[in-house]
Amino acid sequence: MNRMKTRIVVIYSLLWISFASFAQDKEIPKDQKYIYNGNNQLEQNNFVNAEAEYRNAISENPTNSVSKFNLGNAYFKNNKTKEALARYHQAQKVAETKADKHKAFHNIGNGYMQQKNYDKAIEAYKNALRNNPTDDESRYNLALAKKMKEEQDKEDEKNKDKQNKDQNKENKDKDKDENKEDKNKNDQDSDKKDDEGKQDDKKDSDKKGDEEKDKKQDDKGDQDENKEKQNEQKQNDADQKKEEQPKQPQPGQLSPQQVQSLLDAMNNEEKKLQEKINAKKAKGVPVKNEKDW
């Protein structure tokens with residue numbers, strides 16, 4: 001690229017005005033005065049003043065290609081390639097001679113070379129040679145542009161291959177990551193299913209345990225209830241048996257049989273005693289005959 005920059009030939013068309021040629025004229029055209037002043041300022045590297053003078057020249061005479069061309073050179077010299085190209089295109093449109101068109105197209109090619117737009121640079125140099133086939137500088141720049149185009153195409157192809165390889169590698173890595181992600185997901189799903197299965201088994205086991213626990217509790221309740229019923233039945237049987245058995249006299253008390261025997265004995269004694277009394281009455285009581293008046 002350094003070789004390209006040093007070898008690109010730029011045509012500077014500076015309009016030097018000979019006041020002698022205007023000796024018989026009373027007044028020099030204003031646009032040419034502005035161009036003359038602009039050229040002087042540009043030689044002194046005073047870009048701002050040069051730009052102003054060229055703009056005044058264009059305003060004074062828009063059909064003058066020299067003012068546009070020289071303003072383009074001022075921009076090009078100050079690395080304002082985009083602005084330079086715009087002025088060169090304006091110059092070639094209003095140029096009236098092949099020489100002026102040749103210079104405009106030549107420098108258009110130079111501007112595109114700066115932008116590395118080699119296709120447009122090649123076309124511009126060809127147009128320059130159409131207007132001046134004998135110009136060696138345009139021919140040299142055209143050959144240089146073609147060479148740079150070939151190198152650019154090779155570099156683009158190389159970059160394209162590299163991009164394709166990188167893209168393929170990226171796709172492979174992406175597929176690998178996706179496969180890994182799918183595997184991890186499948187493993188996670190499998191682990192999740194295993195966990196769910198374990199949880200279900202645990203739930204079933206817990207449920208079964210709860211059922212067994214409830215059953216045991218129910219069985220225990222039934223056993224307790226049966227045991228309670230058995231105890232109650234035993235108590236009832238014991239009470240009934242106790243009622244059926246004769247009551248045992250408590251210490252210091254007579255049994256019913258003893259009381260009855262005593263009553264019977266007392267009755268017999270009372271009966272005997274009554275009989276004796278009755279017998280005595282029958283023997284000792286005098287009989288009354290009549291009333292004792």
Side-chain angles (χ1 to χ4, degrees), residues 1-22 28-29 31-43 45 47 50-51 53-55 57-58 60-153:
M1 294 301 298
N2 290 335
R3 179 175 179 271
M4 181 192 71
K5 288 182 179 179
T6 57
R7 295 298 301 276
I8 288 178
V9 179
V10 180
I11 296 177
Y12 291 97
S13 177
L14 301 180
L15 182 60
W16 296 99
I17 298 176
S18 172
F19 288 99
S21 63
F22 293 95
I28 300 174
D31 62 314
Q32 294 188 21
K33 287 182 178 181
Y34 289 132
I35 292 173
Y36 178 82
N37 293 333
N39 293 344
N40 288 332
Q41 294 296 326
L42 190 60
E43 279 191 338
N45 294 322
F47 169 74
E51 181 186 22
E53 294 294 337
Y54 291 137
R55 286 182 177 275
I58 293 171
E60 186 67 27
N61 185 4
T63 61
N64 189 337
S65 64
V66 176
S67 56
K68 295 179 174 64
F69 181 82
N70 284 8
L71 179 57
N73 286 341
Y75 284 132
F76 191 87
K77 187 176 181 181
N78 284 272
N79 298 318
K80 296 180 179 294
T81 306
K82 183 178 179 181
E83 291 84 350
L85 281 169
R87 294 301 178 177
Y88 290 146
H89 278 290
Q90 292 174 0
Q92 69 87 13
K93 287 181 180 179
V94 297
E96 296 178 351
T97 65
K98 284 189 174 183
D100 289 341
K101 285 184 177 293
H102 160 257
K103 289 183 290 186
F105 278 120
H106 181 95
N107 281 7
I108 288 173
N110 293 342
Y112 285 127
M113 287 287 283
Q114 289 285 6
Q115 293 181 343
K116 297 182 181 179
N117 191 338
Y118 302 120
D119 287 327
K120 290 186 176 182
I122 290 170
E123 184 62 28
Y125 291 134
K126 286 181 179 180
N127 285 329
L129 289 171
R130 290 187 183 102
N131 287 277
N132 185 4
T134 62
D135 184 66
D136 292 335
E137 303 296 346
S138 294
R139 187 173 287 104
Y140 171 82
N141 284 7
L142 175 60
L144 181 60
K146 289 180 178 180
K147 182 179 179 181
M148 299 303 298
K149 170 64 176 174
E150 291 176 2
E151 293 179 0
Q152 185 183 61
D153 291 341

Notebook entry, point to check: Between Phe69 and Tyr88, does the ring centre distance come in under 6.0 Å?
Noted result: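 Yes.
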Rounded to the nearest 0.5 Å, what separation is found between the [atom1] atom of [X] and the [atom2] atom of [Y]?
X      : Y      : atom1 : atom2 : result
Tyr118 : Met148 : OH    : CE    : 3.5 Å
Leu129 : Leu142 : CG    : CG    : 6.0 Å
Gln114 : Asn79  : CD    : CG    : 7.0 Å
Thr63  : Glu96  : OG1   : CD    : 6.5 Å
Ile58  : Arg87  : CD1   : CZ    : 4.5 Å
Gln41  : Asn39  : CD    : CG    : 10.0 Å

Measuring only between side-chain heavy atoms, which start at C-beta, is [X] closer than 4.5 Å to [Y]?
X      : Y      : result
Lys68  : Pro62  : yes
Tyr36  : Ile28  : no
Tyr125 : Met113 : yes
Tyr75  : Glu51  : yes
Asn45  : Lys77  : yes
Tyr112 : Thr81  : no

Over all heavy atoms of both residues, which pair between [X] and [Y] is shortest? Give the atoms and the distance, please.
X      : Y      : answer
Ala145 : Ala121 : CB-CB, 4.4 Å
Ala57  : Ile35  : CB-CG1, 3.7 Å
Gln92  : Ile108 : CG-CD1, 4.1 Å

Between Ser138 and the options Asp136, Thr134, Asp135, Asn141, the side chain to side chain donor-acceptor pair (under 3.5 Å) test singles out Asp135
>> I'd like to know if the side chain of Asn64 reaches the main chain of Val66, judged simply by a donor and an acceptor atom lying under 3.5 Å from each other, with no hydrogens or angles considered.
In response: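 Yes; at least one donor-acceptor contact below 3.5 Å.
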_Using a 3.5 Å distance criterion without hydrogens, assess whether the side chain of Gln152 forms a donor-acceptor pair with backbone atoms of Lys116._
yes
With a sphere of 6.0 Å drawn around NZ of Lys149, does it hold more than 12 non-hydrogen atoms of other residues, nucleotides or ligands?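 Counting neighbours around NZ of Lys149, more than 12 heavy atoms of other residues, nucleotides or ligands fall under 6.0 Å, so yes.
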For Arg130, enumerate each residue passing the side chain to side chain contact (heavy atoms under 4.5 Å, CB included) test, keeping only those at least two apart in sequence or located in another chain.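 Side chain to side chain contact (heavy atoms under 4.5 Å, CB included) list for Arg130, sorted by chain: Glu123, Lys126, Asn127.
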### Task
Please determine, by modelled atom types, if Asn132 and Lys103 share a side-chain donor-acceptor pair under 3.5 angstrom.
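Absent: no donor and acceptor within the cut-off.
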For Asn107 and Asn110, test the side chains for any donor-to-acceptor distance below 3.5 angstrom and give the result as yes or no.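 Asn107 vs Asn110: donor-acceptor pair found between side chains.
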